[in-house]
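Written below as structure tokens is the structure these notes are about.
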Amino acid sequence: MFQDIEEKLSAVFENQLKNKFGIDAKVNVGQPRQGSFGELAIPVAFQLARQLKRAPKQIAEQLLDGIAPIEGVASLEIAGNGYINVRLDRGAFAGSLLDETPRIGTRPTGKVIVEHTNINPNKAAHIGHLRNAILGDTFVRMLCRRGQPVEVQNYIDNTGVQVADVVAGFHCLEQKTLADVQALIEDSNIRFDYFCWDLYARISAHYKEHPETLKWRTDTLHAIESGHGELAALAHLVADAIVEAHLTTMYRLGIEYQVLPRESEILHLKFWAAAFELLKQRNAIYFEEQGKNKGCWVMPASAFRNSMVAKEPEGGESGEDSKVIVRSNGTVTYVGKDIAYQLWKFGLLGKDFFYRVWSAYPDGHTVWVTTDQHTEEDAPHFGGAAKVFNVIDSRQSYLQDVVVAGLRALGFHEQADASVHFSYEMVALSPRTCVEMGIPLTEEDRKRAYVEVSGRKGLGVKADDLVDKLIETALEEVDQRHPDAPASERHQVAGQIAVGALRYFMLKFTRNSVIAFDFHEALSFEGETGPYVQYAAVRAGNILRKYRERGEQIPEFRRVLNRDTLRRCFEADALWQLLLLASKSDSMVERAIASGEPAHIAKYAFQLAQSFNNFYHEYPVITEPDTERRNVLLWLTDYVRAQLLATLDVLGITQPSYM
RNA sequence: GGGGGCGUAGCUCAGUUGGAUAGAGCAUCAGCCUUCUAAGCUGAGGGUCGCAGGUUCGAUCCCUGCCGCCCCUACCA
């Protein structure tokens, strides 16, 4: 609703600009610093001052001269030395919110693919992976809210070095057979993903102490790539079990996927071979005859380093920064496979996967996985998107640049522009949390704001451990507050609070801020946290519930409220500001999509919750004696609650039945 | 060396694409529970927006140069 007014104002003033001055320009609508200045502010006169060589105030006056009345706008005033402040007709605005039917966004642009999670299937997920998945999932929810068709992909690198290392760990270090590992997976007394976490740390340490055994890795990698034999079977067994563990972990947080494209199929279905041919044909890569990359197929640095133009020093070492795509032993690097994958996402490869059902979520949705065998299953059409978002941490920006450069070198400029590296900074650990976990720190580390963790060393916070700890902490609170409630219900509530806390924690930071993970902070349910927002929603619900419990009926607001009533009641600024803020949720989602910052929505949810909590203390609703006024307060409560829940839904946070 | 990011309250961070008196949370201090549950609310203190220039009506935001920190710069991903 608020968005409609913003758009209308922009349009009106853009029109005025054209009529009065013959200027075509975009008019931004902002918000005044103080509520007393009005609801909206238009600083356009300042922008034109120089161009027209006239005082901003004069321009503003001329813009307002003879302007037609705008529906929903009470007045336009010139303030300061040229601001145009807009005051809304509060009664009309509130009335239109009352009549508003929730609109489903209709933006018929093409399909968008969001790829996120992408955890190496060789060990349990950790908190860094949580940031990726939560960020990606929330972005998906944002797009869906606006009516955008979205396809969620979780890429499975099941033929990479990390899987090979764990397979080598089982085979060489542990001397385990396929059947042994199968038994391990089925053993309900151990967590297979946790077992692999430790095994991965052990094999990594072993390689370090005995570098000669690195041959295990190479051999295993070759075996996996060939796709035949016991080691390849073992790799599939391990990777599939770990993928299942990851999906289970993410489902706890409300995160689902539609399709799992696997690297093994990229290889077996010759996706890479096709991409390789294309790259060679268009001279996007070349065979290096000399230097350190001799014998490799490489992409020249000039392809992905556009800023380095004609800056050839003396040595002429142009091959120095080029990127190896095919190794001298003939195997393809990750980037090469990623180029093939990216081409497929846009439907540019002329090939497709086969698909089979991986599993069905408890809520009924199915996840598909790629396969190299033809199946009878009736899979939806995957791939072929107009725009692609790859949620990948910012340390990989160099590789993402290479992938996009690959597209560009092949002449797919439109798709290169539509490839977005949705990057984010890493999750590190606060020194305090390292100490708590018994991770050894150097003197220098102690002084730092954060310490980077290492999967290879087995150091880090496992995702499920964190979730368990959050649930445990939340449950203590719930037990204290509601000792008489059924245990299953208390568990459910604690689970919702835990997820709310975790998702909000991961979303409150903007993407390029490094999170220094701290248990104390993450386990807090007070202040700017998910539970704070959930609590506000629960309180709003309690008002309505209590009202009904008194034997009263929630009135049919459209019938009992009219514009005059609304106008009178919303003369009170506190009430009006709350209503106004609540009406901005669509506008906020739109802005957050434009800026690519889910954090903005988290911030908005918090502000709205805060605003409601103020209201909650200031205005007793159900004991309000004046019927008309009580109806307005009830409606406001109901409306804010609905907007709060809708916003929480975008964040993937649910409302507990009590707190 | 090159590429990218960051520097805002004691700490952790926002700051709506250049606008009016720079905001939250935590921490500290002082208040508020017989009330629609205090996971809450109210108030106080706390700032050279890293430093110096520039662009203009106006700069935390844009440009340049320094200072400091981080990430990347593999035939690992």
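Model, not experiment: these values are computed from the prediction. Just so we're on the same page: letters track the sequence lines, and every chain starts at 1.
For A/Ile622, taking side-chain heavy atoms from C-beta onward, the closest of the listed nucleotides B/U16, B/A74, B/C36 is B/C36. Proximity note for A/Asn512 (side chain, C-beta onward) versus B/A39, B/G19, B/G5: the nearest is B/G5. Residue A/Ile497 has its side chain nearest to B/A39 when only B/A20, B/C36, B/A39 are considered. Side chain of A/Asn120, nearest nucleotide from B/A77, B/A20, B/G40: B/A77.
A side-chain N or O of A/Ser430 and one of A/Asp518 form a donor-acceptor pair less than 3.5 Å apart.
A/Glu6 and A/Arg591 are joined by a salt bridge, as a carboxylate oxygen and a charged side-chain nitrogen come within less than 4.0 angstrom of each other. The pair A/Lys603-A/Glu528 meets the salt-bridge criterion, with a side-chain N (NZ, NE, NH1 or NH2) lying under 4.0 Å from an Asp/Glu carboxylate O. The pair A/Arg395-A/Glu452 meets the salt-bridge criterion, with a side-chain N (NZ, NE, NH1 or NH2) lying under 4.0 Å from an Asp/Glu carboxylate O.
Using a 4.0 Å heavy-atom cutoff across all strands shown, A/Val621 reaches at least one base atom of the nucleic acid. Nucleic acid contact class of A/Asn614 (heavy atoms, under 4.0 Å, all strands): sugar-phosphate only. As judged by a 4.0 angstrom heavy-atom cut-off over every strand, A/Asn122 is placed among residues making no nucleic acid contact. Residue-level contact check: A/Lys337 touches neither bases nor backbone, having no heavy atom under 4.0 Å from any strand. Here A/Val478 lies in heavy-atom contact (under 4.0 Å) with a base. A/His482 comes within 4.0 angstrom of a base, heavy atoms only. Note on A/Ala536: nothing from the nucleic acid sits closer than 4.0 angstrom, heavy atoms only. Among the protein residues, A/Glu452 comes within range of the sugar-phosphate backbone only, with heavy atoms under 4.0 Å from sugar or phosphate atoms but none that close to a base.
Of the side-chain N and O atoms in A/Asn293, one or more sit less than 4.0 angstrom from OP1 or OP2 of B/C75. For B/U37, the OP1/OP2 oxygens have a side-chain nitrogen or oxygen of A/Lys546 closer than 4.0 Å. Dashed line: the shortest gap from a side-chain N or O of A/Arg448 to OP1 or OP2 of B/C70 is under 4.0 Å. Between B/U42 and A/Tyr616, no contact under 4.0 Å exists linking OP1 or OP2 to a side-chain N or O. Between A/Asn542 and B/U37, a side-chain N or O to OP1/OP2 separation shorter than 4.0 Å is present. For B/U16, the OP1/OP2 oxygens have no side-chain nitrogen or oxygen of A/Asn28 closer than 4.0 Å.
Shown here are the side chain to side chain contact (heavy atoms under 4.5 Å, CB included) partners of A/Ile5, two or more places apart in sequence or in another chain: A/Met1, A/Leu9, A/Leu40, A/Leu88, A/Phe93. Applying the ring pair (Phe, Tyr, Trp, His ring centres under 6.0 Å) criterion to A/His222, with sequence neighbours excluded, gives no partner residue. Shown here are the side chain to side chain contact (heavy atoms under 4.5 Å, CB included) partners of A/Ser328, two or more places apart in sequence or in another chain: A/Cys296. With sequence neighbours excluded, the residues satisfying side chain to side chain contact (heavy atoms under 4.5 Å, CB included) with A/Ser611 are A/Leu578, A/Leu581. Scanning for ring pair (Phe, Tyr, Trp, His ring centres under 6.0 Å) contacts around A/Tyr334 gives an empty result, with sequence neighbours left out. Evaluation of the ring pair (Phe, Tyr, Trp, His ring centres under 6.0 Å) rule for A/His246 yields no partner, not counting sequence neighbours. Partners of A/Trp297 according to the ring pair (Phe, Tyr, Trp, His ring centres under 6.0 Å) rule, which considers only residues two or more places apart in sequence or in another chain, are A/Phe276, A/Phe287.
In the displayed structure, A/Glu549 atom CD is contacted under 6.0 Å by more than 12 heavy atoms of other residues, nucleotides or ligands.
In this structure, A/Trp216 and A/His206 have parallel ring planes: the angle between them is below the 30° cut-off, well short of the 60° mark.
Applying a 4.0 Å cut-off to non-hydrogen atoms, the residues of residues 391-404 of chain A that approach RNA chain B are A/Arg395, A/Tyr398, A/Leu399, listed by residue number.
Residue pairs meeting the ring pair (Phe, Tyr, Trp, His ring centres under 6.0 Å) criterion with at least one member in residues 585-613 of chain A, sequence neighbours excluded: A/Tyr532-A/Phe606, A/Phe612-A/Phe615.
When the C1' atom of B/G40 is taken as reference, atom OH of A/Tyr619 falls 18 Å away, rounded to whole Å.
Base orientation of B/U60: anti, since the glycosidic angle falls outside 90° of 0. In this entry the base of B/C26 is anti relative to its sugar, with a glycosidic angle more than 90° from 0.
Evaluation of atom-type donor-acceptor distances gives a pair under 3.5 Å for the side chain of A/Ser328 against the base of B/C75. On a pure distance criterion of 3.5 Å, no polar donor-acceptor pair joins the side chain of A/Arg481 and the base of B/U37.
A/Lys469 forms a cation-pi arrangement with A/Phe519, by the criterion of a distance under 6.0 Å to the ring centre and an angle within 45° of the ring axis.
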RNA chain B base-pair string [pairs: Watson-Crick or G-U under 3.5 Å; |: paired with another strand]: (((((((..((((.....[...)))).(((((.......))))).....(((((..]....))))))))))))....

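No donor-acceptor distance shorter than 3.5 angstrom exists from the side chain of A/Asp393 to the backbone of A/Tyr424, with no hydrogens or angles considered.
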Atom pairs under 3.5 Å: protein N/O with N/O of nucleotides 9-12 of chain B:
none

Base-contact (B) and sugar-phosphate-only (S) positions in nucleotides 23-32 of chain B, heavy-atom cut-off under 4.0 Å, - elsewhere: SSSS------

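Across the interface with RNA chain B, nearest-nucleotide mapping of A/Thr529 and A/Tyr83 shows A/Tyr83 to be the residue nearer the 5′ end.
Taking a centre distance below 5.5 Å and an interplanar angle below 30 degrees as the stacking criterion, A/Phe37 stacks against the six-membered base ring of B/A20.
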